[in-house]
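Reading through the structure tokens given below for one structure.
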Amino acid sequence: IASHEALAKAFKTTDFAKVASIILKEGEIQLTSEHRAEQREELRRRVVELIRTQAVDPKSGLPHPAARIEAAMDEAKVHLDERLGAQEQLEQVIAKLRVVLPISIEQKKLIITIPSSFVGKTNNVIRSKKVINEDWLSDASWKVNVELPAGQVPDFIDKLNSLTHGEVVVEEN
């Protein structure tokens, strides 16, 4: 328990309610080094996942594996700011990675034709992406143009194939 003199010196008041308010509004939470290390690692995982799902190797057009991105981050000596979110740091991290890893952020446009019997199953998956336009064909199948990050294309197509038992038709626009 602090003395009245110590409170007055530190907080310019001895009123406990005001002192508590000042501590809550302006104080800093002291975290253990273990907890900070866990937060750093979680931030790193989020950044790697964002890069993996949004960026591709310009030569092959395929996403880089997470292990390759992590190795490139180590090689490029990428340091993340723990006060910022993963999305906020994405551009600067990619700029540093370009020195050691061929990488590009691209959007792909796909034309997807789904047989009518699978429209209900695939609707949420399709609508989770940016739908450019859609049309119902004469055979009751659903033709949809979507735009999504290039790194998400393989997983997206796999998901659609799984839901439609391989009966979906996907073309690049």
Side-chain angles (χ1 to χ4, degrees), residues 1-58 62-110 120-132 134 144-160 162-163:
I1 298 177
S3 67
H4 285 286
E5 295 81 29
L7 286 176
K9 183 177 179 184
F11 297 102
K12 314 272 189 285
T13 183
T14 58
D15 181 7
F16 291 116
K18 288 182 181 178
V19 169
S21 176
I22 292 170
I23 290 172
L24 289 173
K25 289 179 183 175
E26 301 173 19
E28 291 183 18
I29 297 174
Q30 298 296 315
L31 303 174
T32 64
S33 59
E34 181 180 299
H35 186 72
R36 280 195 310 274
E38 287 175 14
Q39 285 183 324
R40 258 192 314 275
E41 189 56 36
E42 178 60 29
L43 176 62
R44 183 177 171 90
R45 278 193 294 269
R46 283 194 307 262
V47 168
V48 167
E49 185 60 19
L50 280 173
I51 294 170
R52 190 189 70 74
T53 59
Q54 294 184 14
V56 292
D57 181 346
L62 297 173
H64 290 289
R68 185 180 303 154
I69 295 167
E70 289 174 357
M73 286 175 70
D74 291 340
E75 187 178 337
K77 295 180 175 58
V78 173
H79 297 288
L80 301 174
D81 186 344
E82 298 167 23
R83 295 168 291 171
L84 299 175
Q87 188 68 43
E88 296 168 299
Q89 300 182 64
L90 189 61
E91 285 187 34
Q92 77 178 40
V93 170
I94 289 174
K96 290 179 182 178
L97 287 180
R98 282 195 171 114
V99 174
V100 296
L101 184 70
I103 193 168
S104 68
I105 301 287
E106 298 178 12
Q107 294 288 318
K108 292 275 186 170
K109 293 181 181 178
L110 303 176
K121 286 183 179 180
T122 59
N123 190 24
N124 288 340
V125 174
I126 297 290
R127 300 239 182 251
S128 70
K129 306 303 176 200
K130 180 180 175 186
V131 175
I132 298 170
E134 57 186 298
V144 186
N145 290 4
V146 297
E147 183 177 57
L148 65 156
Q152 294 179 7
V153 170
D155 291 339
F156 182 68
I157 293 172
D158 288 346
K159 180 74 170 169
L160 290 175
S162 170
L163 291 171

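Just so it is clear, the model here is predicted, and its values are computed rather than measured.
Between Thr32 and His35 there is a side-chain heavy-atom pair separated by less than 4.5 Å. The shortest side-chain heavy-atom distance between Glu134 and Ile126 does not fall under the 4.5 Å cut-off. Side chains of Val56 and Ile103 form no contact here, defined as non-hydrogen atoms less than 4.5 Å apart. Side-chain contact between Ile51 and Ile69 is present, with heavy atoms from C-beta onward closer than 4.5 Å. In this structure, the side chains of Leu160 and Thr122 come closer than 4.5 Å at one or more pairs of heavy atoms. With a 4.5 Å cut-off on side-chain heavy atoms, Thr53 and Pro149 do not count as touching. Val47 is listed as a side-chain neighbour of Met73, based on a closest heavy-atom distance under 4.5 Å.
Taking a cutoff of 4.0 Å between a charged side-chain nitrogen and a carboxylate oxygen, Glu49 and Arg46 do not qualify as a salt bridge. Between Glu82 and Arg44 there is no salt bridge, since no side-chain nitrogen of the basic residue lies less than 4.0 Å from a carboxylate oxygen of the acidic one. A salt bridge is defined here as a Lys NZ or Arg NE, NH1 or NH2 lying under 4.0 Å from an Asp or Glu carboxylate O, and Asp81 with Arg40 fails to meet this definition.
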Does the pair Glu75 and Lys96 meet the rule for a side-chain contact (heavy atoms from CB on, under 4.5 Å), with working shown? CA-CA 10 Å; Glu75 187 178 337; Lys96 290 179 182 178; over 6 Å; no
Evaluation steps, side-chain contact (heavy atoms from CB on, under 4.5 Å), between Asp57 and Leu62: CA-CA 6 Å; Asp57 181 346; Leu62 297 173; 5.7 Å; no
Check the pair Val146 / Lys130 against side-chain contact (heavy atoms from CB on, under 4.5 Å), numbers first and verdict last. CA-CA 5 Å; Val146 297; Lys130 180 180 175 186; over 6 Å; no
What do the steps show when you test Val153 against Leu148 for side-chain contact (heavy atoms from CB on, under 4.5 Å), and what is the final call? CA-CA 7 Å; Val153 170; Leu148 65 156; 4.1 Å; yes
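When all heavy atoms of Ile105 and Ile94 are compared, the closest pair comes out as CD1-CD1, 3.3 Å. In terms of heavy atoms, Pro63 sits closest to Gly151 at CG-O, 3.6 Å. Scanning both residues, His64 and Arg68, for their nearest heavy atoms gives ND1-NH1, 3.1 Å. Closest approach of His4 and Thr14 over heavy atoms only: O-CG2, 3.4 Å. The shortest heavy-atom contact between Ala86 and Leu43 is N-CD1, 3.7 Å.
In Glu91, the CD atom is not crowded: 12 or fewer heavy atoms of neighbouring residues, nucleotides or ligands sit closer than 6.0 Å.
Atom CD1 in Ile157 sits 13.5 Å away from atom OG in Ser162 (nearest 0.5 Å). From Lys18, atom NZ reaches atom OG1 of Thr13 across 5.0 Å, with rounding to the nearest 0.5 Å. Remark: Phe156 CZ to Lys108 NZ distance equals 14.0 Å, nearest 0.5 Å. Rounded to the nearest 0.5 angstrom, Ser21 OG and Phe16 CZ are separated by 15.0 Å. Taken from CD in Glu88 to CG in Leu80, the straight-line distance is 12.0 Å, to the nearest 0.5 Å.
Looking at Gln152 and Lys129, their side chains do bring a donor and an acceptor atom within 3.5 Å of each other. Between Glu106 and Ser104, the side chains place a donor N or O and an acceptor N or O closer than 3.5 Å (distance only, hydrogens not considered).
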